[in-house]
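First up is the structure itself, then whatever we jot down about it.
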There are 2 protein chains.
Amino acid sequence: MELAEARQKFIETWGKLGSEWGINRTMAQVHALLLIAPEALTTEEVMEALSISRGNANMTLRDLINWGLVEKQHKPGERKEYFFAEKDAWTIARQVAQERKKRELDPLLKVLNELSEVKGNEKDAEYKTFKTSVKGITKLSANVNKTLETMIKAEESWFWGSILKIFK
Amino acid sequence: MELAEARQKFIETWGKLGSEWGINRTMAQVHALLLIAPEALTTEEVMEALSISRGNANMTLRDLINWGLVEKQHKPGERKEYFFAEKDAWTIARQVAQERKKRELDPLLKVLNELSEVKGNEKDAEYKTFKTSVKGITKLSANVNKTLETMIKAEESWFWGSILKIFK
DNA sequence: ATTAATTTTCAATAATTTTTGAAAGTTTAA
DNA sequence: TTAAACTTTCAAAAATTATTGAAAATTAAT
(Lines give C-alpha, C1' and ligand atoms only; values in the text may rest on other atoms or scores of the structure.)
Protein backbone atom coordinates (compact mmCIF):
# COMPACT_ATOMS: atom_id res chain seq x y z
CA MET A 1 0.00 0.00 0.00
CA GLU A 2 1.21 3.51 -0.82
CA LEU A 3 1.65 6.07 1.92
CA ALA A 4 -1.09 8.38 0.62
CA GLU A 5 -3.59 5.55 0.57
CA ALA A 6 -2.50 4.28 3.97
CA ARG A 7 -2.86 7.76 5.47
CA GLN A 8 -6.38 8.02 4.07
CA LYS A 9 -7.29 4.64 5.42
CA PHE A 10 -5.90 5.47 8.84
CA ILE A 11 -7.92 8.69 9.00
CA GLU A 12 -11.05 6.89 7.91
CA THR A 13 -10.53 4.02 10.38
CA TRP A 14 -9.83 6.33 13.30
CA GLY A 15 -12.92 8.37 12.41
CA LYS A 16 -15.10 5.28 12.34
CA LEU A 17 -13.69 4.03 15.63
CA GLY A 18 -14.32 7.40 17.23
CA SER A 19 -17.93 7.48 16.11
CA GLU A 20 -18.47 4.02 17.58
CA TRP A 21 -17.27 5.41 20.91
CA GLY A 22 -19.42 8.50 21.02
CA ILE A 23 -16.80 10.81 19.54
CA ASN A 24 -17.77 12.88 16.57
CA ARG A 25 -16.31 11.42 13.39
CA THR A 26 -14.74 14.66 12.22
CA MET A 27 -13.04 15.21 15.54
CA ALA A 28 -11.51 11.75 15.39
CA GLN A 29 -10.41 12.36 11.80
CA VAL A 30 -8.73 15.65 12.65
CA HIS A 31 -7.01 13.86 15.49
CA ALA A 32 -5.87 11.12 13.11
CA LEU A 33 -4.59 13.68 10.63
CA LEU A 34 -2.51 15.42 13.29
CA LEU A 35 -1.31 12.09 14.69
CA ILE A 36 0.38 11.22 11.42
CA ALA A 37 1.55 14.73 10.63
CA PRO A 38 5.29 15.20 11.25
CA GLU A 39 4.80 18.93 11.70
CA ALA A 40 2.11 21.05 13.28
CA LEU A 41 -0.63 22.06 10.82
CA THR A 42 -2.61 25.25 10.37
CA THR A 43 -6.40 25.43 10.42
CA GLU A 44 -6.16 26.04 6.70
CA GLU A 45 -4.28 22.80 6.15
CA VAL A 46 -6.71 20.81 8.24
CA MET A 47 -9.64 22.27 6.30
CA GLU A 48 -7.96 21.43 3.04
CA ALA A 49 -6.90 17.90 3.99
CA LEU A 50 -10.34 16.85 5.23
CA SER A 51 -12.55 19.12 3.12
CA ILE A 52 -14.24 20.71 6.08
CA SER A 53 -15.27 24.28 6.74
CA ARG A 54 -13.36 26.83 8.73
CA GLY A 55 -15.95 26.87 11.49
CA ASN A 56 -15.91 23.12 11.81
CA ALA A 57 -12.12 22.97 11.84
CA ASN A 58 -11.94 25.67 14.46
CA MET A 59 -14.46 24.07 16.82
CA THR A 60 -13.05 20.60 16.36
CA LEU A 61 -9.52 21.76 17.13
CA ARG A 62 -10.81 23.54 20.20
CA ASP A 63 -12.47 20.35 21.38
CA LEU A 64 -9.31 18.34 20.82
CA ILE A 65 -7.40 20.88 22.88
CA ASN A 66 -10.01 20.54 25.64
CA TRP A 67 -9.50 16.79 25.56
CA GLY A 68 -5.79 17.43 26.05
CA LEU A 69 -4.94 15.65 22.80
CA VAL A 70 -3.79 18.60 20.75
CA GLU A 71 -1.76 21.71 21.48
CA LYS A 72 -1.43 25.07 19.82
CA GLN A 73 1.97 26.07 18.57
CA HIS A 74 3.24 29.44 17.47
CA LYS A 75 6.03 29.74 14.95
CA PRO A 76 8.34 32.72 15.45
CA GLY A 77 7.51 35.62 13.18
CA GLU A 78 4.26 33.98 12.08
CA ARG A 79 0.79 35.16 12.81
CA LYS A 80 -0.99 31.87 12.22
CA GLU A 81 -1.60 29.23 14.83
CA TYR A 82 -0.33 25.72 14.32
CA PHE A 83 -1.79 22.57 15.83
CA PHE A 84 0.13 19.57 16.96
CA ALA A 85 -1.07 16.25 18.40
CA GLU A 86 0.48 14.31 21.21
CA LYS A 87 1.88 11.25 19.45
CA ASP A 88 2.51 8.77 22.24
CA ALA A 89 -0.29 6.21 22.30
CA TRP A 90 -0.07 5.60 26.04
CA THR A 91 -0.28 9.30 26.80
CA ILE A 92 -3.31 9.56 24.52
CA ALA A 93 -4.98 6.59 26.20
CA ARG A 94 -4.37 8.03 29.66
CA GLN A 95 -5.66 11.42 28.61
CA VAL A 96 -8.84 9.91 27.19
CA ALA A 97 -9.25 7.72 30.27
CA GLN A 98 -8.85 10.70 32.55
CA GLU A 99 -11.35 12.85 30.65
CA ARG A 100 -13.97 10.16 30.31
CA LYS A 101 -13.59 9.22 33.94
CA LYS A 102 -14.14 12.81 34.94
CA ARG A 103 -17.06 13.35 32.57
CA GLU A 104 -18.78 9.99 32.92
CA LEU A 105 -17.58 7.62 35.61
CA ASP A 106 -17.34 10.13 38.46
CA PRO A 107 -20.89 11.42 37.87
CA LEU A 108 -22.12 7.82 37.54
CA LEU A 109 -20.59 6.87 40.88
CA LYS A 110 -22.28 9.86 42.46
CA VAL A 111 -25.70 8.86 41.13
CA LEU A 112 -25.21 5.22 42.11
CA ASN A 113 -24.39 6.36 45.57
CA GLU A 114 -27.59 8.37 45.81
CA LEU A 115 -29.58 5.45 44.43
CA SER A 116 -28.17 3.11 47.04
CA GLU A 117 -30.05 5.08 49.67
CA VAL A 118 -33.46 4.44 48.19
CA LYS A 119 -36.15 3.76 50.77
CA GLY A 120 -38.42 0.76 50.53
CA ASN A 121 -39.73 -2.47 51.81
CA GLU A 122 -37.40 -5.47 51.99
CA LYS A 123 -40.32 -7.74 51.10
CA ASP A 124 -40.99 -5.88 47.86
CA ALA A 125 -39.52 -7.72 44.85
CA GLU A 126 -39.07 -4.49 42.90
CA TYR A 127 -37.17 -2.96 45.77
CA LYS A 128 -34.96 -6.00 46.23
CA THR A 129 -34.16 -6.30 42.54
CA PHE A 130 -33.39 -2.61 42.30
CA LYS A 131 -31.03 -2.68 45.27
CA THR A 132 -29.28 -5.80 44.05
CA SER A 133 -28.78 -4.49 40.52
CA VAL A 134 -27.53 -1.12 41.71
CA LYS A 135 -25.18 -2.77 44.16
CA GLY A 136 -23.71 -5.01 41.46
CA ILE A 137 -23.11 -2.10 39.11
CA THR A 138 -21.65 -0.04 41.93
CA LYS A 139 -19.14 -2.72 42.79
CA LEU A 140 -18.06 -3.11 39.18
CA SER A 141 -17.80 0.65 38.73
CA ALA A 142 -15.65 0.94 41.84
CA ASN A 143 -13.23 -1.60 40.41
CA VAL A 144 -13.09 0.15 37.07
CA ASN A 145 -12.56 3.41 38.92
CA LYS A 146 -9.59 2.08 40.87
CA THR A 147 -8.07 0.59 37.75
CA LEU A 148 -8.42 3.87 35.86
CA GLU A 149 -6.92 5.83 38.73
CA THR A 150 -3.93 3.56 38.64
CA MET A 151 -3.67 3.73 34.88
CA ILE A 152 -3.84 7.51 34.84
CA LYS A 153 -0.84 7.72 37.12
CA ALA A 154 1.13 4.83 35.66
CA GLU A 155 4.03 4.34 33.34
CA GLU A 156 3.04 2.29 30.35
CA SER A 157 5.58 -0.47 30.76
CA TRP A 158 4.82 -0.91 34.45
CA PHE A 159 1.08 -0.96 33.87
CA TRP A 160 0.98 -3.50 31.07
CA GLY A 161 3.86 -5.43 32.53
CA SER A 162 1.91 -5.90 35.74
CA ILE A 163 -1.35 -6.78 34.05
CA LEU A 164 0.03 -9.13 31.45
CA LYS A 165 2.22 -10.94 33.93
CA ILE A 166 -0.86 -12.13 35.79
CA PHE A 167 -2.66 -13.12 32.65
CA LYS A 168 0.13 -15.13 31.06
CA MET B 1 -35.54 8.85 47.68
CA GLU B 2 -38.61 6.80 46.81
CA LEU B 3 -38.31 3.64 44.74
CA ALA B 4 -40.32 5.01 41.82
CA GLU B 5 -38.11 8.07 41.59
CA ALA B 6 -34.94 6.04 41.99
CA ARG B 7 -36.01 3.68 39.22
CA GLN B 8 -36.65 6.61 36.91
CA LYS B 9 -33.30 8.12 37.72
CA PHE B 10 -31.53 4.84 37.13
CA ILE B 11 -33.16 4.43 33.71
CA GLU B 12 -32.29 7.99 32.78
CA THR B 13 -28.69 7.68 33.98
CA TRP B 14 -28.13 4.39 32.20
CA GLY B 15 -29.60 5.87 29.02
CA LYS B 16 -27.29 8.87 29.19
CA LEU B 17 -24.26 6.69 29.85
CA GLY B 18 -25.15 4.49 26.91
CA SER B 19 -25.44 7.43 24.55
CA GLU B 20 -22.02 8.67 25.66
CA TRP B 21 -20.65 5.28 24.64
CA GLY B 22 -22.21 5.07 21.22
CA ILE B 23 -25.24 3.05 22.32
CA ASN B 24 -28.64 4.37 21.41
CA ARG B 25 -30.29 5.98 24.40
CA THR B 26 -33.52 4.01 24.11
CA MET B 27 -31.67 0.73 23.93
CA ALA B 28 -29.80 1.55 27.13
CA GLN B 29 -33.05 2.62 28.81
CA VAL B 30 -34.81 -0.60 27.88
CA HIS B 31 -31.82 -2.46 29.24
CA ALA B 32 -32.01 -0.46 32.46
CA LEU B 33 -35.73 -1.14 32.77
CA LEU B 34 -35.20 -4.88 32.42
CA LEU B 35 -32.21 -4.79 34.77
CA ILE B 36 -34.36 -3.57 37.62
CA ALA B 37 -37.41 -5.65 36.73
CA PRO B 38 -37.86 -8.65 39.05
CA GLU B 39 -39.86 -10.45 36.38
CA ALA B 40 -39.62 -10.66 32.62
CA LEU B 41 -41.65 -7.98 30.82
CA THR B 42 -43.72 -8.02 27.65
CA THR B 43 -43.18 -5.69 24.70
CA GLU B 44 -46.39 -4.01 25.78
CA GLU B 45 -45.02 -3.31 29.25
CA VAL B 46 -41.76 -1.93 27.87
CA MET B 47 -43.67 0.37 25.50
CA GLU B 48 -45.81 1.55 28.35
CA ALA B 49 -43.01 2.08 30.86
CA LEU B 50 -40.84 4.12 28.49
CA SER B 51 -43.52 5.62 26.25
CA ILE B 52 -42.08 4.24 23.06
CA SER B 53 -43.73 2.77 20.01
CA ARG B 54 -44.20 -0.89 19.30
CA GLY B 55 -41.74 -0.82 16.40
CA ASN B 56 -39.10 0.83 18.51
CA ALA B 57 -39.60 -1.58 21.40
CA ASN B 58 -39.42 -4.56 19.08
CA MET B 59 -36.22 -3.49 17.34
CA THR B 60 -34.56 -2.41 20.55
CA LEU B 61 -35.31 -5.71 22.24
CA ARG B 62 -33.97 -7.55 19.23
CA ASP B 63 -30.74 -5.55 19.42
CA LEU B 64 -30.39 -6.28 23.13
CA ILE B 65 -30.80 -9.96 22.40
CA ASN B 66 -28.10 -9.71 19.71
CA TRP B 67 -25.83 -8.12 22.28
CA GLY B 68 -26.48 -11.11 24.52
CA LEU B 69 -27.88 -8.90 27.26
CA VAL B 70 -31.51 -9.94 27.11
CA GLU B 71 -33.31 -13.22 26.58
CA LYS B 72 -36.77 -14.16 25.46
CA GLN B 73 -38.91 -16.13 27.84
CA HIS B 74 -42.11 -18.01 27.24
CA LYS B 75 -44.63 -18.53 29.99
CA PRO B 76 -46.55 -21.80 29.82
CA GLY B 77 -49.97 -21.41 28.30
CA GLU B 78 -49.21 -17.84 27.20
CA ARG B 79 -48.89 -16.61 23.70
CA LYS B 80 -46.88 -13.48 24.45
CA GLU B 81 -43.10 -13.26 24.60
CA TYR B 82 -41.45 -12.03 27.75
CA PHE B 83 -38.05 -10.36 27.98
CA PHE B 84 -35.60 -10.77 30.75
CA ALA B 85 -32.17 -9.17 31.29
CA GLU B 86 -29.08 -10.83 32.61
CA LYS B 87 -28.64 -9.19 36.01
CA ASP B 88 -25.06 -9.96 36.97
CA ALA B 89 -22.90 -6.91 36.34
CA TRP B 90 -19.76 -8.90 35.60
CA THR B 91 -21.56 -11.06 33.06
CA ILE B 92 -22.92 -7.92 31.41
CA ALA B 93 -19.48 -6.31 31.31
CA ARG B 94 -17.94 -9.41 29.77
CA GLN B 95 -20.69 -9.67 27.22
CA VAL B 96 -20.28 -6.04 26.19
CA ALA B 97 -16.49 -6.44 26.11
CA GLN B 98 -16.78 -9.50 23.93
CA GLU B 99 -19.16 -7.88 21.47
CA ARG B 100 -17.28 -4.64 21.17
CA LYS B 101 -14.01 -6.51 20.78
CA LYS B 102 -15.51 -8.53 17.96
CA ARG B 103 -17.14 -5.55 16.28
CA GLU B 104 -14.44 -2.94 16.80
CA LEU B 105 -11.10 -4.07 18.15
CA ASP B 106 -10.64 -7.12 15.93
CA PRO B 107 -11.33 -5.14 12.72
CA LEU B 108 -9.05 -2.36 13.98
CA LEU B 109 -6.19 -4.80 14.54
CA LYS B 110 -6.69 -6.11 11.05
CA VAL B 111 -6.47 -2.62 9.52
CA LEU B 112 -3.46 -1.67 11.64
CA ASN B 113 -1.75 -4.79 10.43
CA GLU B 114 -2.35 -3.83 6.81
CA LEU B 115 -1.17 -0.31 7.48
CA SER B 116 2.05 -1.55 9.01
CA GLU B 117 3.04 -2.83 5.59
CA VAL B 118 2.91 0.54 3.91
CA LYS B 119 5.70 1.15 1.42
CA GLY B 120 7.81 4.25 1.55
CA ASN B 121 11.09 5.97 2.01
CA GLU B 122 12.76 5.86 5.42
CA LYS B 123 14.06 9.39 4.84
CA ASP B 124 10.56 10.76 4.37
CA ALA B 125 9.27 12.46 7.53
CA GLU B 126 5.66 11.69 6.64
CA TYR B 127 6.49 8.05 6.23
CA LYS B 128 8.44 7.87 9.47
CA THR B 129 5.75 9.60 11.48
CA PHE B 130 3.08 7.41 10.00
CA LYS B 131 4.93 4.22 10.80
CA THR B 132 5.75 5.34 14.32
CA SER B 133 2.20 6.39 15.13
CA VAL B 134 0.71 3.22 13.71
CA LYS B 135 3.22 1.11 15.59
CA GLY B 136 2.43 2.83 18.88
CA ILE B 137 -1.31 2.35 18.44
CA THR B 138 -0.77 -1.26 17.39
CA LYS B 139 1.19 -2.03 20.52
CA LEU B 140 -1.42 -0.46 22.77
CA SER B 141 -4.23 -2.24 20.95
CA ALA B 142 -2.46 -5.56 21.33
CA ASN B 143 -2.27 -5.04 25.09
CA VAL B 144 -5.92 -4.07 25.30
CA ASN B 145 -6.73 -7.11 23.21
CA LYS B 146 -4.90 -9.50 25.52
CA THR B 147 -6.51 -7.94 28.57
CA LEU B 148 -9.97 -8.26 27.06
CA GLU B 149 -9.34 -11.87 26.08
CA THR B 150 -8.44 -12.61 29.66
CA MET B 151 -11.40 -10.70 31.00
CA ILE B 152 -13.83 -12.48 28.70
CA LYS B 153 -12.74 -15.82 30.06
CA ALA B 154 -12.29 -14.81 33.68
CA GLU B 155 -14.19 -15.13 36.90
CA GLU B 156 -14.95 -11.75 38.38
CA SER B 157 -13.26 -12.25 41.72
CA TRP B 158 -10.09 -13.65 40.18
CA PHE B 159 -9.89 -10.88 37.59
CA TRP B 160 -10.33 -7.92 39.93
CA GLY B 161 -8.45 -9.67 42.70
CA SER B 162 -5.44 -10.02 40.44
CA ILE B 163 -5.60 -6.50 39.08
CA LEU B 164 -6.25 -4.71 42.34
CA LYS B 165 -3.59 -6.65 44.19
CA ILE B 166 -0.93 -5.16 41.95
CA PHE B 167 -2.31 -1.68 42.24
CA LYS B 168 -2.71 -1.52 45.97
C1' DA C 1 -5.79 54.75 15.00
C1' DT C 2 -6.17 52.01 10.84
C1' DT C 3 -5.93 48.04 8.44
C1' DA C 4 -5.13 43.48 7.16
C1' DA C 5 -4.64 38.84 8.89
C1' DT C 6 -6.57 35.56 11.52
C1' DT C 7 -9.81 33.37 14.74
C1' DT C 8 -14.32 32.77 16.72
C1' DT C 9 -19.19 32.65 16.83
C1' DC C 10 -23.65 31.07 15.74
C1' DA C 11 -28.06 31.11 13.06
C1' DA C 12 -29.29 28.60 9.24
C1' DT C 13 -28.89 24.39 6.74
C1' DA C 14 -27.70 19.75 5.91
C1' DA C 15 -26.92 15.15 7.24
C1' DT C 16 -27.68 11.51 10.15
C1' DT C 17 -30.02 8.88 13.47
C1' DT C 18 -34.04 7.56 15.80
C1' DT C 19 -38.85 6.82 16.14
C1' DT C 20 -43.37 6.08 14.64
C1' DG C 21 -47.32 3.51 13.24
C1' DA C 22 -49.82 1.09 10.18
C1' DA C 23 -49.53 -2.76 7.08
C1' DA C 24 -47.75 -7.21 6.36
C1' DG C 25 -46.33 -11.36 8.33
C1' DT C 26 -46.53 -15.19 11.56
C1' DT C 27 -48.26 -18.27 14.93
C1' DT C 28 -51.58 -20.71 17.55
C1' DA C 29 -55.97 -22.36 18.76
C1' DA C 30 -60.62 -23.41 17.71
C1' DT D 1 -59.69 -23.11 7.23
C1' DT D 2 -60.48 -18.82 9.83
C1' DA D 3 -59.52 -15.54 12.88
C1' DA D 4 -57.56 -13.48 16.73
C1' DA D 5 -53.22 -12.59 19.05
C1' DC D 6 -49.05 -11.27 18.53
C1' DT D 7 -44.54 -9.90 16.09
C1' DT D 8 -41.95 -7.81 12.49
C1' DT D 9 -40.98 -4.62 8.90
C1' DC D 10 -39.97 -0.35 6.87
C1' DA D 11 -41.19 4.11 4.51
C1' DA D 12 -42.13 8.40 6.24
C1' DA D 13 -41.68 11.79 9.91
C1' DA D 14 -39.45 13.65 13.80
C1' DA D 15 -35.62 14.54 16.49
C1' DT D 16 -31.00 15.11 17.03
C1' DT D 17 -26.40 16.14 15.70
C1' DA D 18 -22.99 18.07 12.68
C1' DT D 19 -21.56 21.46 9.34
C1' DT D 20 -21.44 25.60 6.86
C1' DG D 21 -20.17 30.21 5.91
C1' DA D 22 -20.45 34.85 6.50
C1' DA D 23 -20.32 38.36 9.99
C1' DA D 24 -18.27 39.76 14.25
C1' DA D 25 -14.43 39.79 17.13
C1' DT D 26 -9.69 39.75 18.01
C1' DT D 27 -4.92 40.42 17.20
C1' DA D 28 -0.71 42.46 15.70
C1' DA D 29 1.88 45.19 12.64
C1' DT D 30 2.20 49.76 10.39
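Below, chains carry the letters A, B, ... as their sequence lines are ordered, and counting in each starts from 1.
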Once base and sugar-phosphate atoms are separated, protein heavy atoms under 4.0 Å mark nucleotides 16-30 of chain C, 5' to 3', with B, S and - as --SSBB-----BS--
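For the pair B/E20 CD and D/dT16 P, the computed distance is 16 Å after rounding to whole Å. In this entry the distance linking NZ of A/K80 with C1' of D/dA28 reads 14 Å, nearest Å. Between the CD atom of A/E78 and the P atom of C/dT7 there is a distance of 10 Å, rounded to whole Å. The distance from atom CG of B/L61 to atom P of D/dC6 is 16 Å, rounded to the nearest whole Å. Rounded to a whole Å, the CG atom of A/D63 is 15 Å from the P atom of D/dT17. One interatomic measurement links the two molecules: CD of B/E81 to C1' of D/dA5, which rounds to 12 Å at whole-angstrom precision. As rounded to whole Å, 18 Å separates atom C1' of D/dA5 from atom NZ of B/K75.
By the side-chain hydrogen bond (donor to acceptor under 3.5 Å, both in side chains) test, A/E81 pairs with A/K72, sequence neighbours left out. Residues meeting the side-chain hydrogen bond (donor to acceptor under 3.5 Å, both in side chains) test with B/E117, sequence neighbours left out: none. Residues satisfying the salt bridge (charged side-chain N to carboxylate O under 4.0 Å, His left out) criterion with A/E104, sequence neighbours excluded, are A/R100. Considering only residues two or more places apart in sequence or on other chains, B/T132 meets the side-chain hydrogen bond (donor to acceptor under 3.5 Å, both in side chains) condition with none of them. Remark: A/R54 pairs with A/E44 by the side-chain hydrogen bond (donor to acceptor under 3.5 Å, both in side chains) rule, at least two apart or across chains. With sequence neighbours excluded, the residues forming a salt bridge (charged side-chain N to carboxylate O under 4.0 Å, His left out) with A/K102 are A/E99, listed by chain and number.
Screening residues 139-154 of chain B for salt bridge (charged side-chain N to carboxylate O under 4.0 Å, His left out), with sequence neighbours left out, gives A/E156-B/K139, B/K101-B/E149.
Of the charged side-chain nitrogens involved, none lies within less than 4.0 Å of a carboxylate oxygen, so that A/R103 and B/E20 do not count as a salt-bridged pair.
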N/O donor to acceptor pairs below 3.5 angstrom from side-chain atoms of residues 61-68 of chain A, sequence neighbours left out:
none

Side-chain polar contacts of residues 46-53 of chain A - donor-acceptor pairs under 3.5 angstrom, sequence neighbours left out - could you list them?
| from | atom 1 | to | atom 2 | distance (Å) |
| --- | --- | --- | --- | --- |
| A/S53 | OG | A/N56 | N | 3.1 |

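Against DNA chain D, the stretch residues 28-49 of chain B makes no heavy-atom approach under 4.0 Å.
Fit an axis to the five pairs at each end of the helix from C/dA1-D/dT30 to C/dA30-D/dT1 and the two axes sit 10° apart, to the nearest 10 degrees.
A tilted orientation is assigned to the rings of A/W158 and B/F167, their planes being inclined by 30° to 60°.
The side chain of A/N58 places an N or O atom within less than 4.0 Å of a non-bridging phosphate oxygen (OP1 or OP2) of C/dT8. A/R62 has a side-chain polar atom (N or O) that falls below the 4.0 Å cut-off from OP1 or OP2 of C/dT9.
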